[in-house]
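The shown structure was predicted, so the numbers you read here are calculated from the model rather than taken from an experiment.
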Amino acid sequence: MDENIIHIVIAKTWGGGEQYVYDVCKEMKKRGLQTYVAIDKNNIEMQKKFSEASTVIVSELYSIAGLRSISKLNFFIKKNNIKYINCHSGHALLLCLILKKLTGTKVIMFKHNALPAKDDIYHRWQRSYTDAYVCVSKLVYNLQTEILNDADKKKFHMIYNGIDTSRFNKYKNDIRQKDFYVVGYAGRIAADKGIDILLETFCKLANKYNNTKLLLAGADEKGYLKTIEHLMEAKNISDKVCYLGKLDDMERFYKSLNVLVLPSIVREAFGLVICESIYCGTPVITTNSGAQKEIITNKKFGCVIEKNNIDEMFRALEYYKYDTNYFDKEAKKYIQNKFSIEKCVDGILNLYKNI
């Protein structure tokens with residue numbers, strides 16, 4: 001495939017969707033494909049990060065739905081023989097459809113959120129001109145297609161998210177602390193992630209067992225970290241909880257844990273950190289709030305519990321305190337075969353051919 005690809009990314013902070021675009025670009029580059037990522041001119045951090053995996057195009061994407069960037073992107077797309085626009089936010093889809101009209105490119109909309117489709121006139125218009133939709137899990141696909149007619153459904157495709165497993169093969173030996181039971185969380189530090197429930201549960205655990213630690217990794221969203229810190233102080237567990245911020249070496253983080261907890265309240269569209277943790281041999285406790293059960297099935301490599309259920313989470317934490325049979329080869333094979341970035345990109349490239 002000779003055609004070049006551009007990704008439109010308007011997110012302001014780094015999250016699972018941005019890691020997904022990064023890994024897709026890196027894998028496509030390995031296969032000899034030219035990718036570009038359009039980033040807002042004011043987001044220097046995002047520009048720097050994406051430049052590691054792709055060619056970054058700086059434009060005005062944050063004001064009036066990115067429409068100020070039409071002229072620049074129109075010229076760039078035509079000059080660089082771009083055939084596919086990958087849109088990663090509904091807020092940018094109008095911009096992408098205008099660029100399609102001007103340049104003749106195909107527009108693929110990636111659905112990273114577990115939300116039902118809207119059926120008003122504007123969204124029906126969007127669907128009529130968008131060439132294809134990629135849903136990152138069965139849950140997202142079902143939510144998006146349940147109200148659609150058969151013609152619209154044909155545009156929707158389920159392609160699982162995937163992780164770049166090469167990022168997690170550096171540490172060969174077990175680096176877990178022998179004298180401590182270390183619980184971890186990775187993701188946005190945000191109210192809808194259920195971190196307060198995790199802290200409540202960890203408090204019960206710490207009161208029963210002295211040799212416990214909780215590590216929190218991820219970017220603070222809208223100052224929610226302050227709420228977490230106040231809760232830690234109120235529960236008198238500040239000395240047992242450590243906020244690590246946004247980490248570059250996630251492999252070391254996962255492999256230092258006895259268990260990872262993803263206590264989401266929000267409906268998760270997928271769960272990249274679940275796949276990363278499992279690949280690193282660390283079991284995962286997560287909630288039934290979204291697509292997590294598509295990754296952890298039949299209690300394999302972790303467990304899925306009721307959201308907001310402190311008692312159930314506590315029982316799961318106690319179980320993994322004593323279950324020290326960490327998996328390795330079996331977990332790696334499972335993730336590689338089903339949730340790797342190679343498999344994900346295979347699906348995307350096959351979709352390009354079919355549209």
Side-chain angles (χ1 to χ4, degrees), residues 114 139 174 176-218 227-228 231-243 253-268 270-328 330-331 334-335:
L139 172 67
D174 188 352
R176 295 177 180 89
Q177 298 181 47
K178 305 302 181 188
D179 299 328
F180 276 88
Y181 179 46
V182 184
V183 180
Y185 165 85
R188 292 180 294 111
I189 306 300
D192 59 4
K193 288 294 189 176
I195 304 170
D196 55 335
I197 304 299
L198 173 57
L199 287 175
E200 293 274 359
T201 311
F202 179 77
C203 181
K204 285 182 65 177
L205 189 77
N207 287 336
K208 186 171 181 179
Y209 304 99
N210 288 324
N211 60 334
T212 56
K213 288 183 182 179
L214 174 61
L215 305 181
L216 306 175
T227 302
I228 293 302
L231 185 56
M232 286 158 46
E233 290 170 7
K235 295 292 181 182
N236 197 30
I237 53 173
S238 297
D239 59 331
K240 292 180 176 289
V241 183
C242 183
Y243 172 59
F253 174 75
Y254 292 126
K255 290 185 175 179
S256 70
L257 305 178
N258 297 97
V259 65
L260 180 80
V261 183
L262 188 68
S264 297
I265 300 168
V266 68
R267 194 154 48 182
E268 294 284 357
F270 185 65
L272 285 172
V273 297
I274 298 175
C275 295
E276 292 172 354
S277 184
I278 291 172
Y279 186 82
C280 289
T282 299
V284 179
I285 300 167
T286 188
T287 60
N288 60 354
S289 64
Q292 300 96 303
K293 57 191 174 185
E294 295 179 39
I295 305 169
I296 298 176
T297 60
N298 301 320
K299 297 184 179 179
K300 194 79 169 174
F301 310 124
C303 64
V304 179
I305 63 174
E306 288 286 334
K307 67 179 182 180
N308 287 322
N309 193 320
I310 292 174
D311 291 337
E312 197 173 352
M313 187 183 293
F314 180 77
R315 287 194 294 271
L317 283 171
E318 275 204 315
Y319 174 82
Y320 286 109
K321 177 172 173 56
Y322 295 104
D323 178 27
T324 56
N325 296 314
Y326 299 108
F327 36 84
D328 187 14
E330 187 182 4
Y334 172 65
I335 297 298

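Partners of E294 according to the salt bridge (Lys or Arg N to Asp or Glu O under 4.0 Å) rule, which considers only residues two or more places apart in sequence or in another chain, do not exist here. The salt bridge (Lys or Arg N to Asp or Glu O under 4.0 Å) check on K255 picks up E251, with sequence neighbours excluded. Partners of F253 by ring-ring contact (aromatic ring centres under 6.0 Å, His included), not counting sequence neighbours: none found. Residues satisfying the side chain to side chain contact (heavy atoms under 4.5 Å, CB included) criterion with T227, sequence neighbours excluded, are Y224. Looking at residues two or more places apart in sequence or on another chain, you find no ring-ring contact (aromatic ring centres under 6.0 Å, His included) involving F314. Every residue two or more places apart in sequence or in another chain was checked for a side chain to side chain donor-acceptor pair (under 3.5 Å) with K293, and none qualifies. Among residues two or more places apart in sequence or in another chain, the side chain to side chain donor-acceptor pair (under 3.5 Å) test is passed with Y254 by E276. Every residue two or more places apart in sequence or in another chain that forms a side chain to side chain donor-acceptor pair (under 3.5 Å) with S264 is listed here: E268. Shown here are the salt bridge (Lys or Arg N to Asp or Glu O under 4.0 Å) partners of R188, two or more places apart in sequence or in another chain: D192, E221. Remark: N288 pairs with E306 by the side chain to side chain donor-acceptor pair (under 3.5 Å) rule, at least two apart or across chains.
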Please step through side chain to side chain contact (heavy atoms under 4.5 Å, CB included) for the pair T212 and F180, ending with a clear verdict. CA-CA 6 Å; T212 56; F180 276 88; 5.9 Å; no

Can I197 and N308 be said to form a side chain to side chain contact (heavy atoms under 4.5 Å, CB included), step by step? CA-CA 6 Å; I197 304 299; N308 287 322; 3.6 Å; yes

M232 vs L199, side chain to side chain contact (heavy atoms under 4.5 Å, CB included): CA-CA, chis, key distance, verdict: CA-CA 7 Å; M232 286 158 46; L199 287 175; 4.0 Å; yes

Could you please spell out the steps behind the side chain to side chain contact (heavy atoms under 4.5 Å, CB included) verdict for I295 and F270? CA-CA 8 Å; I295 305 169; F270 185 65; 3.9 Å; yes

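Between Y185 and L198, the shortest heavy-atom distance links the atoms CB-CD2, 3.8 Å. Closest non-hydrogen pair, P283 versus S277, comes out as O-OG, 4.2 Å. In plain terms, the two heavy atoms of S256 and L215 that are nearest each other are OG-CD1, 4.2 Å. Listed here is the closest heavy atom pair of I278 and A331: O-CB, 3.2 Å.
Within the 3.5 Å criterion, the main-chain N or O of V304 finds no donor-acceptor partner in the side chain of T286. Listed for the R176 side chain is a donor-acceptor partner under 3.5 Å among the backbone atoms of L257.
Rounded to the nearest 0.5 angstrom, K213 NZ and L205 CG are separated by 14.0 Å. Between the CD1 atom of I274 and the CG atom of L262 there is a distance of 5.0 Å, given to the nearest 0.5 Å. Atoms CD1 and CD1, on I285 and I305 in that order, are 6.5 Å from each other to the nearest 0.5 Å. Rounding to the nearest 0.5 angstrom, the gap separating the CD1 atom in I237 from the SG atom in C203 is 5.0 Å. Atom-to-atom distance recorded for Y243:OH and I189:CD1 is 5.5 Å, nearest 0.5 angstrom.
Residues V284 and V273 are not in side-chain contact: their nearest non-hydrogen atoms beyond the backbone lie 4.5 Å or more apart. I265 places none of its side-chain heavy atoms less than 4.5 Å from the side chain of T287. Taking 4.5 Å as the limit, some side-chain heavy atom of K204 sits within range of a side-chain heavy atom of I310. Looking at K240 and V183, their side chains never come closer than 4.5 Å, going by heavy atoms from C-beta outward. Counting heavy atoms from C-beta outward, V259 and Y319 have side chains that stay 4.5 Å or more apart. Taking the side chain as every heavy atom from C-beta outward, L214 and V261 never approach each other to under 4.5 Å. Between E330 and K300, the closest side-chain pair of non-hydrogen atoms falls below 4.5 Å.
When the shell of 6.0 Å around CG of N236 is examined, it contains 12 or fewer heavy atoms from other residues, nucleotides or ligands.
Sorted by first and then second residue, the ring pair (Phe, Tyr, Trp, His ring centres under 6.0 Å) pairs with a member in residues 189-215 form an empty list; sequence neighbours excluded. Residue pairs meeting the ring pair (Phe, Tyr, Trp, His ring centres under 6.0 Å) criterion with at least one member in residues 271-302, sequence neighbours excluded, are F301-F327, F301-Y334.
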